[in-house]
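First the proteins, then the strands, lettered A, B, ... as listed; each starts at 1. Atom set for the values below is all heavy atoms of this structure, side chains included, hydrogens, waters and symmetry mates excluded.
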Amino acid sequence: MLIYNTFSNSKEVFVPINGRNVLMYVCGPTVYDLSHLGHARMGLVFDVIVRYLSYLGYKVNYTRNITDIDGKIVHKAMDLNLTSEQVARFYANAFAKEMLALNTVSPTFEPKATDYLPQMIDFIQSLIDKGYAYVSSTGDVYFNCKQFKEYGKLAKKNLNELLSGARSDQVRSQDELSKYKLSPIDFALWKVCDIHETVWPSPWGMGRPGWNIECSTMIKHVLGETIDIHGGGEDLIFPHHENEIAQSQCLHDKPLANFWVHNNFVNVKSQKMSKSLGNFTTIGDLLANYSSDTIRLFVLQNNYRHPVDFSPEGLKSARLGVGRLIQSLSSLENNIDWPDFLTSHAQQPVYPSLLPDKAKIINFINGFSFNNNDHESFVNEFEEAMNNDFNTAIAISKLFSLSDKIQAESDLKNKQSLAILLKTYAFILGFKLTDQTPKIQANVAHDLVNLVIELRNFSRTSKDFKQSDYIRAKLLELGIEVMDSSKDKTSWKLK
RNA sequence: GGCGGCAUAGCCAAGUGGUAAGGCAGAGGUCUGCAAAACCUUUAUCCCCCAGUUCGAAUCUGGGUGCCGCCUCCA
């Protein structure tokens, strides 16, 4: 299993610290607004990683935080005359619902920053005690970047470049900050502030923790001092993840994470989709128009490390593709005895511990007959693709090849076995492939009955009573009683 | 200005040394009273440009062009 590590900028063989157990932490959303497709991509990418690692037999502890302490949340709350907690809770719930609707695996743990204040304060105090952080004249606590020799290693930046390379149009109130900070690149661990309701007491005064400290602290307390995989969006590499490394490594004298995995953005007309640019499509809007499978295919046909360009055409193309996969499953009988791990993902959250591993999958597949080694070569090719840094695009192309094979297969039993293989491995990538043909709406059904009655009346006027009686009898079987009045008026009711 | 990434058919996209996956669209066909759907077959002599390394390059090296992201504020 090769995974691309941002730290080394190369694919590395994945070996967890502790045997089959994998500790994975992903930076979750800051809950001050609705999520957009960019967040969905993050959710889907790490969802596939959890699913596939579980397939390989790893027990994944998938922890994804909720950032519920943030200036944007405070501002939103003030605008709406709500508390920060109310705002955060609302958007955290919305996010959870959307992630479920996207058929993603729920995190094993989903810690919130507000639940870890004492631990963050301890963390900061320990950094001060070790000489890596200092209290400024204002009471703010800053991390002293110059104390950490490896600062900039993840983002491939060195201190001198950082000090000299700032964009001139970006610098704001540096003069002011320089009064409090030893170096301009030092970042806040604790910010003293007492004007809002969202503040906590600390040895340095009322205030809020800096953004970076929450992840370092929660990783330490939920997962441990060194974890296997740390993930998130590419925009977090610098400064967020760089700062996390600085904090945690200085405190523990060991690496924070062995693998750094970052997904790229969703672009709109070649520009990053983001809340601040206002060019986003919310997950809710998306789900109203496209199935979770469609969104998933759209996202997973791209390499997770490359940008994906959002377009209605792209989603439409994905929808047609999903339709083809579903079509090839039409040869499936309805009475397949699906194991729980393939069916229980309908409404309730699924946790990583419930995901099937390869042994379970193969055991299930082997219950069906294949007349050659098609299934083995499929599994090999699928795994080969996924083992190469989760190459979902190739893995998906194998699903389509399998779909073609199903259509071309004339032997019914074999056809069905291949269909089961398709459905099962699509599940490993998180696809449901359930028939999503829209159900007939009640009003359409009503018009439909009227249409049949109309056709029947054509028969009656041409005195084809054999046909009209047949239609009446058949409608009655469906629970629809037809009543002819003296004139051409015909009415019906549900019996 | 610094650092990083990307550039492959009409569109999306995989592929990091061995002769271009896959999806959508298009073309031809099967089926069909007609149509639609479905299925089958097919679609890049070539991978932004120039030079080089190599028996061999989309893939490596150097140079160029274009696009994107990050760069001490907020997170």
Pick the [atom1] atom in [N] and in [M], then give their distance to the nearest Å.
N: B:rG15; M: B:rA21; atom1: C1'; value: 7 Å
N: B:rC31; M: B:rA35; atom1: P; value: 13 Å
N: B:rU42; M: B:rA20; atom1: P; value: 15 Å
N: B:rG62; M: B:rC68; atom1: P; value: 24 Å
N: B:rC67; M: B:rC73; atom1: P; value: 28 Å
N: B:rC3; M: B:rA44; atom1: P; value: 41 Å
N: B:rC48; M: B:rA58; atom1: P; value: 10 Å
N: B:rG18; M: B:rC46; atom1: C1'; value: 15 Å

So that I can tick it off, tell me whether [Y] and [X] are bridged by a salt bridge, with the cut-off set at under 4.0 angstrom between side-chain N and carboxylate O.
X: A:Arg324; Y: A:Asp404; answer: yes
X: A:Asp47; Y: A:Arg51; answer: yes
X: A:Asp140; Y: A:Lys181; answer: no

- Query: Under a 4.5 Å cut-off applied to non-hydrogen side-chain atoms, are A:Leu53 and A:Tyr62 in contact?
  - Reply: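 They are not in side-chain contact.
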Any strand: nucleotide that pairs with [N] via Watson-Crick or wobble, under 3.5 Å:
N: B:rG33; result: none
N: B:rA7; result: B:rU65
N: B:rG18; result: B:rC55
N: B:rC46; result: none
N: B:rC73; result: none

Name the nucleic acid region contacted by [X], choosing base, sugar-phosphate or nothing; use a 4.0 angstrom heavy-atom cut-off, strictly under.
X: A:Asn212; result: nothing
X: A:Glu234; result: nothing
X: A:Asp186; result: nothing
X: A:Phe298; result: nothing

- Phosphate OP1/OP2 of B:rG15: any A:Asn391 side-chain N/O under 4.0 Å: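 Answer yes for this pair, as a side-chain N or O of A:Asn391 is under 4.0 Å from OP1 or OP2.
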- Item | Any A:His306 side-chain nitrogen or oxygen under 4.0 Å from OP1 or OP2 of B:rC68 |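 Result: no.
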- Picking from B:rC71, B:rC74, B:rG69, which would you name as closest to the side chain of A:Phe265?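 Looking only at side-chain atoms, A:Phe265 lies closest to B:rG69.
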- Item | Proximal nucleotide (of B:rC3, B:rC74, B:rG5) relative to the A:Lys157 side chain |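 The answer is B:rC3.
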For [X] and [N], what is the distance between atoms [atom1] and [atom2] respectively, to the nearest whole Å?
X: A:Leu182; N: B:rU72; atom1: CG; atom2: P; result: 18 Å
X: A:His241; N: B:rC71; atom1: NE2; atom2: P; result: 14 Å
X: A:Asn267; N: B:rG5; atom1: CG; atom2: C1'; result: 12 Å
X: A:Asn302; N: B:rC6; atom1: CG; atom2: P; result: 14 Å
X: A:Asn388; N: B:rG15; atom1: CG; atom2: P; result: 7 Å
X: A:Glu409; N: B:rC40; atom1: CD; atom2: P; result: 12 Å
X: A:Lys156; N: B:rG2; atom1: NZ; atom2: C1'; result: 15 Å
X: A:Tyr4; N: B:rU16; atom1: OH; atom2: P; result: 13 Å

- Mapping A:Ala408 and A:Asn303 onto RNA chain B by nearest heavy atom, which one lands closer to the 5' end?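 Nearer the 5' end of the strand: A:Asn303.
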So, [X] versus [Y]: side-chain donor-acceptor pair below 3.5 Å or not?
X: A:Asp309; Y: A:Ser311; value: no
X: A:Asp68; Y: A:Tyr32; value: no
X: A:Asn212; Y: A:Glu244; value: no
X: A:Thr6; Y: A:His262; value: yes

- At what distance, to the nearest 0.5 angstrom, does CZ of A:Phe265 lie from CZ of A:Arg41?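 Atom-to-atom, A:Phe265:CZ and A:Arg41:CZ are 9.5 Å apart.
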- Task: Any chance you could list the contact pattern along nucleotides 18-24 of chain B? Use B for base contacts, S for sugar-phosphate-only contacts and - for none, protein heavy atoms under 4.0 Å, 5' to 3'.
- Result: ---BSBS
